[in-house]
Q: 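Take this structure first; my questions come after.
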There are 2 protein chains.
Amino acid sequence: MAAKPPTPSRSSSREEILDAAEEVFAARGYAGASMRAIADGAGVAQALLHYHFKTKEGLFEAMFLRRAGAINRIRIARLDAMLSRGRPSVEDIIEALLRPAVETGDAPMQGGARFAALILELSTADAAWQRDLMARAYDAMATRFIAALMTALPGLDRAGATWGYLFVVGAALTQMPSTGRAHRLSRGATEDADTDAMITRAIIFAAAGLRALAVPMPDHFES
Amino acid sequence: MAAKPPTPSRSSSREEILDAAEEVFAARGYAGASMRAIADGAGVAQALLHYHFKTKEGLFEAMFLRRAGAINRIRIARLDAMLSRGRPSVEDIIEALLRPAVETGDAPMQGGARFAALILELSTADAAWQRDLMARAYDAMATRFIAALMTALPGLDRAGATWGYLFVVGAALTQMPSTGRAHRLSRGATEDADTDAMITRAIIFAAAGLRALAVPMPDHFES
DNA sequence: GTCTATAGTTCGATAGAC
DNA sequence: GTCTATCGAACTATAGAC
C-alpha cells in the first residue's frame, strides 16, 4: 500500500534507528527524548538520524506511523475476518480493537505497553503537527470500528458510537503501562502486569457501556 | 490541615508562579516546559522560581498537588454529602468523581481540560518521583471512591472495583482536552468542547460497565 | 523576597570528509 | 550512507547584590 524502496534489503541502520527511537520516545516522551540518546541506542552517529529523517519531528513521525500502522493492519484484518464470517458481537469488535495493541511482539518493546503512553501524549497534545499525526495514524481505522459498532448495535447513533469508541480506547490505553497502581489500590487483589486480566475486564466493561449508550436517551436531557 | 505560613497575606508572587506553572506545564508537558517560560508567564525573574521551589521538579510537584488537592477536596465533599443522605447510586458516585475535574473554575485554566493531559502524562510515566507524586496526589481519594463503588454494587470485588475505577477515570480523562477528534470522527455529530455532553455519556457508559463487572464472571473464561 | 548575571550542560541541526 | 567536529541556542541552577 505504501511506497517501498525497490531495494530488497533497505538500509538496515534506518530500521535500527526507528527501533531505538521507539524505545527512547516511549520511555521519555517526545520532548524528554533526545536525538543523542536515540543515536546511542541505535549505535550510530547522531548526524545519521538527520540524514534519514531530517528533524526530530520527522523521526518521531516515521517511528509512530510504522508502529501504529503495524497494529492497525492487524486490527483491520481481524475485523474483516469477523465480518466475512457473519455479524460479530460487540465483545468481538472490542477484542479486535484492543488485543493487537498489547500483542505487538515483532518489535523491541515490552508488549506495546509503553507505546500506549506515547499515544496518550500525542492524543492530548495541542500542537498542530501532533494532532495531524494522530489523525493520519488512526482516523481511518477508527472510522471502520465506529461503523462496525453501529452495525452491531442498532440504536447507537454516530455521536454515541464515536464517544463510545473513544471511551473504550481511553479506558484500556491508560491501563497498559503497568505502574503498580492497580496492585496498590486493590491491596494486592490484582496485578498491573497481568494485561490479560485487564483486557478481559475491559471488554466486559466496554461492551456493557456501549450497549447502554445504544439506548436512545435515558429519560431526561439537559444543557 | 496542611501547614500554612502564619503571615495572613503569603507572598503573592508564589501563587502567581504556581498559576503560570499550571498553564505552561499543562500546555507543554513536564519535559517540554521551561523555567524561563514559567518565569515570564508569572512576570518574575527566573531565579525566584528556584528560591521558592528549589528545582523544576519541586515546582511541578507544588503545582500539581495544589490543583489535584483542590479537585479532590470537592470530590470527597460531594461523596461524603451523598453518603450522609443515604445510599448513592453508581451514577451519583461517578458524577461526584468526574464533574469536579471539569469544573475547576477558581484557577486560570480552561475548565481543567488541559490539566487532564498532565495527569495522563504523570500516570503513565515510569520515573519513580512521578509515580510517587501520582500516589500522593490521588491514592487516598481513589481508595474512598473504590470503597463507595463496592458498597453501591455488591458483587463487585476489590479487583473489579479497582479496574472499574481506573477504566472510568481513563475513559473520561482522555476526552477532556478537546482536540477536535470527536467532531471529526463523528462527522460533525458531536462537539469536543461540549464537555457536558461528554460527561453525561461517560456516566451512562461507566455505570453500565461497572454493573457488568459486578456480575461474578460472565460464563466462560478464556486465555 | 527579588533581582541581574552567568556558570555549566545539553540540545537540535549542519558542514564537510570519506 | 556514515562519520567527526562543531555551531548556536536553549536549558537548569547558582552566586551575589539589593
Side-chain angles (χ1 to χ4, degrees), chain A residues 3-64 118 121 125 127-130 133, chain B residues 3-64 66 121 125 127-130 133:
Chain A
K4 278 189 180 177
T7 329
S9 81
R10 57 256 192 258
S11 98
S12 73
S13 74
R14 194 177 194 276
E15 297 296 316
E16 281 161 25
I17 290 170
L18 287 174
D19 291 345
E22 242 178 31
E23 284 190 26
V24 176
F25 277 128
R28 312 193 206 171
Y30 176 75
S34 77
M35 299 293 271
R36 283 172 155 80
I38 295 170
D40 287 354
V44 299
Q46 190 190 338
L48 195 57
L49 274 58
H50 288 97
Y51 168 78
H52 280 302
F53 306 100
K54 204 66 189 171
T55 64
K56 182 183 183 182
E57 199 175 305
L59 172 56
F60 183 86
E61 232 176 77
M63 175 279 296
F64 194 84
L118 223 42
E121 181 187 353
W129 73 270
Q130 289 175 313
L133 178 55
Chain B
K4 277 189 182 178
T7 330
S9 80
R10 56 253 190 261
S11 96
S12 73
S13 73
R14 194 178 194 275
E15 298 296 315
E16 280 161 26
I17 290 170
L18 287 174
D19 291 345
E22 244 179 30
E23 284 191 26
V24 176
F25 276 128
R28 312 192 206 172
Y30 176 74
S34 77
M35 298 294 271
R36 281 171 153 81
I38 295 170
D40 287 352
V44 300
Q46 191 190 338
L48 195 57
L49 274 57
H50 288 97
Y51 169 78
H52 280 302
F53 305 100
K54 203 66 188 172
T55 65
K56 182 183 182 182
E57 200 175 303
L59 171 56
F60 183 87
E61 232 176 77
M63 174 280 296
F64 194 85
R66 184 185 69 155
E121 181 187 353
W129 73 270
Q130 289 174 315
L133 178 54

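Residue numbers start from 1 in every chain, and the chains themselves are labelled A, B, ... in the order their sequence lines are given, proteins ahead of strands.
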Q: In whole angstrom, give the distance that lies between atom CG of A/Leu59 and atom P of C/dG12.
A: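 Going from A/Leu59 (CG) to C/dG12 (P), I get 10 Å.
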
Q: I need the CE-C1' distance between B/Met35 and C/dT6, as an integer number of Å.
A: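 After rounding, the reported distance stands at 17 Å.
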
Q: Would you tell me if any nitrogen or oxygen in the side chain of A/Ser13 comes within less than 4.0 Å of OP1 or OP2 on D/dT2?
A: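 The answer is yes; a side-chain N or O of A/Ser13 sits under 4.0 Å from OP1 or OP2.
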
Q: So, is A/His50 near the phosphate of C/dA13, with a side-chain N or O under 4.0 Å from OP1 or OP2?
A: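 Yes, such a contact exists.
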
Q: So which nucleotide from D/dT4, C/dG12, D/dT14 ends up closest to the side chain of A/Ala45?
A: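 For the A/Ala45 side chain, the nearest candidate turns out to be D/dT4.
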
Q: If you find the nucleotide of DNA chain D closest to A/Arg36 and the one closest to A/Gly43, which residue's nucleotide is nearer the 5' end?
A: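 Its nucleotide being nearer the 5' end, the pick is A/Gly43.
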
Q: How long is the line joining OH of A/Tyr30 and C1' of C/dC11, in whole Å?
A: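 After rounding, the gap between these two atoms is 12 Å.
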
Q: For B/Ala42, which contact category applies under a 4.0 Å heavy-atom criterion: base, sugar-phosphate, or nothing?
A: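 Nothing: the residue B/Ala42, judged by heavy atoms under 4.0 Å, touches no strand.
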
Q: With sugar-phosphate meaning primed atoms plus P, OP1 and OP2, does A/Ala31 contact a base, only sugar-phosphate, or nothing at under 4.0 Å between heavy atoms?
A: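 Touches nothing.
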
Q: Take B/Ala47 and B/Arg28, find for each the nucleotide of DNA chain D with the closest heavy atom, and name the residue whose nucleotide sits nearer the 5' end.
A: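 The answer here is B/Arg28.
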
Q: Taking CD from A/Gln46 and P from C/dC11, how many angstroms apart are they, rounded to a whole number?
A: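 Distance check: A/Gln46 CD to C/dC11 P gives 9 Å.
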
Q: Between P on D/dC11 and CG on B/Leu49, what's the gap in Å once rounded to a whole number?
A: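 Going from CG in B/Leu49 over to P in D/dC11 covers 13 Å.
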
Q: Measure the distance from CD1 on A/Ile38 to C1' on C/dT10 and round it to the nearest whole Å.
A: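 Spelled out: CD1 on A/Ile38 to C1' on C/dT10 is 15 Å.
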
Q: Which nucleotide sits closest to the side chain of B/Lys54: D/dC3, D/dT14, C/dA13?
A: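 So the side chain of B/Lys54 is nearest to D/dT14.
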
Q: Can the positive tip of B/Lys56 be found less than 6.0 Å from the middle of the six-membered ring of B/Phe25, inside 45° of the ring normal?
A: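 Not satisfied by the 6.0 Å and 45° rule.
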
Q: May I ask you to test the A/Phe60-A/Leu118 pair for a side-chain heavy-atom distance under 4.5 Å?
A: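 Heavy-atom side-chain distance check passes, below 4.5 Å.
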
Q: Should B/Arg14 and B/Asp19 count as an ion pair when the cut-off is N to O under 4.0 Å?
A: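 A salt bridge is absent here (no side-chain N lies under 4.0 Å from a carboxylate O).
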
Q: Can you tell if the side chain of A/Leu18 reaches within under 4.5 Å of the side chain of A/Leu59, non-hydrogen atoms only?
A: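 In contact.
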
Q: Specify the separation, in whole Å, of atom CD of A/Glu57 and atom C1' of C/dC11.
A: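 After rounding, the reported distance stands at 16 Å.
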
Q: Answer yes or no: does a side-chain N or O of B/Tyr51 lie under 4.0 Å from OP1 or OP2 of C/dG1?
A: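 Yes, because at least one side-chain N or O of B/Tyr51 sits under 4.0 Å from OP1 or OP2 of C/dG1.
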
Q: Nearest-Å distance, CD (A/Glu16) to P (D/dC3)?
A: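 Spelled out: CD on A/Glu16 to P on D/dC3 is 11 Å.
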
Q: Centroid separation under 6.0 Å, is that true for the rings of B/Trp129 and B/Tyr30?
A: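 Judged by ring-centre distance (under 6.0 Å), B/Tyr30 and B/Trp129 do meet the cut-off.
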
Q: Just compare C/dA13, C/dC3, D/dC3 and give me whichever is closest to any side-chain atom of A/Val44.
A: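 Taking heavy atoms from C-beta onward, the closest nucleotide is D/dC3.
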
